[in-house]
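Chain letters run A, B, ... following the sequence lines, proteins first and then strands; every chain starts at 1. In what follows, every heavy atom counts, from backbone to side chain, and hydrogens, waters and symmetry copies are set aside.
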There are 2 protein chains.
Amino acid sequence: MLNDFPLTLKKLNLKVTPKRLAILEILLKESVYLSPEEIWKKMKKRFNRIGLPTVYRNLEELSEGNIISKINHPNRQLYYYLCQNRSHHHHFICLSCRKVEDISFCAAKEIEGEVKRNIRGKILSHILQVNGLCKNCLEKKG
Amino acid sequence: MLNDFPLTLKKLNLKVTPKRLAILEILLKESVYLSPEEIWKKMKKRFNRIGLPTVYRNLEELSEGNIISKINHPNRQLYYYLCQNRSHHHHFICLSCRKVEDISFCAAKEIEGEVKRNIRGKILSHILQVNGLCKNCLEKKG
DNA sequence: AATTTAAATGAAAACCATTTCTACTTAATC
DNA sequence: GATTAAGTAGAAATGGTTTTCATTTAAATT
């Protein structure tokens, strides 16, 4: 994965601001899904003036650009993580430590087959989210 | 699918109230995902006194009992649909008319294989949601 | 390097879906 | 039919997210 964030931002017609870069750096460093408020708290350590709406706005823009992605979480809160692959959003999330890892396996073909056969509809996108416990968290418990 | 709602409710230790049954009947009749407020509006036609919190509470309880299920939707609002299969939550949702249809295909084995091999974690659950346009909506456009 | 301008930001306020609280009502058991 | 635990209405509170608007900044232009 290429993490030349300034270049990525330019390609999306987003200005390269220190705050935007900081959000991406935080998500890269943590490799864990975070809520806007959690990101904001980490931002406050770097910037003396940083508003929560700025974090929300940027997360939404970065999400639209597929640099980061939202987690489908049962509660109302939003969670974001840095995409390891911008076009493929299949991931394993650890319910204990929140770590997000890519799953390369994709059943797109098989699903397409079934949808064509039974539902006779058109697929526009799909979500595969596997919830579980990551290697580290399993070892801690064992 | 067996839709003996009173029996299903009893099994979950939920009292069989007219309002609970009405929520299930509405979701069965519509076969479309609905928000709590949308369900509430339909309920108001049947009951002269019906509070929105009652709808929320019941939806949550029914969801815990796997009779109904939540949709993973980009906006913050909750959406529910009646499960066609209580143990298997793979579905195709139409982005135009909101119809929800079951997908029987399941890649659990393949995913399990990859998670064991690469991630070395433990799977607890998974979500497969396919978004698209259903047969009816495709034909309308064509 | 200074000028320009469209985009980004902070702070306060608004928004609104969801939850809580309390007193009242009802389903189910005996 | 009486009892009791569960369910409900209505009002108020909650809290995550968005809007507004005045100010600041990135970066294109001169």
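- Residue B:P18 is in sugar-phosphate contact alone, with no base atom involved, counting any heavy-atom pair closer than 4.0 Å across all strands shown.
- The phosphate of C:dA11 (OP1 or OP2) has a side-chain N or O of A:R49 nearer than 4.0 angstrom.
- Under 4.0 angstrom from either OP1 or OP2 of D:dA9 there lies no side-chain N or O belonging to B:N48.
- Nearest-nucleotide positions on DNA chain C for B:L78 and B:K10 put B:L78 closer to the 5' end.
- Distance B:R57 CZ to D:dG10 C1': 11 Å, rounded to the nearest Å.
- Taking atom NE2 of residue A:H73 and atom P of nucleotide D:dT17, one finds them 12 Å apart after rounding to whole Å.
- Rounding to whole angstrom units, CG of residue A:L9 and C1' of C:dA7 are separated by 13 Å.
- Here B:T8 contributes atom OG1 and B:R20 contributes atom CZ; the two are 12.5 Å apart, rounded to the nearest 0.5 Å.
- Listed pair B:N13 / D:dA6 fails the phosphate criterion, with no side-chain N or O lying under 4.0 Å from OP1 or OP2.
- Atom NZ of A:K19 and atom P of D:dA26 are 9 Å apart (whole Å).
- Mapping A:V55 and B:V16 onto DNA chain C by nearest heavy atom places A:V55 at the nucleotide closer to the 5' end.
- With rounding to the nearest 0.5 angstrom, the CD1 atom of B:I71 is 11.0 Å from the NE2 atom of B:H89.
- OP1 and OP2 of D:dT18 both lie 4.0 Å or more from every side-chain N or O belonging to A:Y56.
- Note that CZ of B:R98 and CG of B:L34 are 6.5 Å apart. Values are rounded to the nearest 0.5 Å.
- Taking atom CG on A:N58 and atom P on D:dT17, their separation rounds to 15 Å, with Å as the unit.
- At D:dT18, one or more side-chain N or O atoms of B:R76 fall inside 4.0 Å of OP1 or OP2 (strictly under the cut-off).
- Relative to the side chain of B:K15, the nucleotides C:dA28, C:dT9, D:dT8 differ in distance, and C:dA28 lies closest.
- Using bins of under 30°, 30° to 60° and over 60° for the plane-to-plane angle, the ring pair A:H91/A:Y81 lands in the perpendicular bin.
- Distances shown here put a side-chain N or O of B:T17 below 4.0 Å from the OP1 or OP2 atom of D:dT8.
- One can place CZ of B:F47 at 12 Å from P of C:dT26, the figure rounded to the nearest angstrom.
- Between C:dA17, D:dG16, C:dA8, one nucleotide has an atom nearer to the side chain of A:E37 than all others, and that is D:dG16.
- At whole-Å resolution of the value, CD1 in A:I50 and C1' in D:dT25 are 14 Å apart.
- By the 30° and 60° cut-offs, the orientation of the rings of A:H73 relative to A:Y79 is tilted.
- In this entry the distance linking CG of B:L52 with P of D:dA9 reads 10 Å, nearest Å.
- At the heavy-atom level, B:R20 lies under 4.0 Å from the strands shown only through sugar-phosphate atoms.
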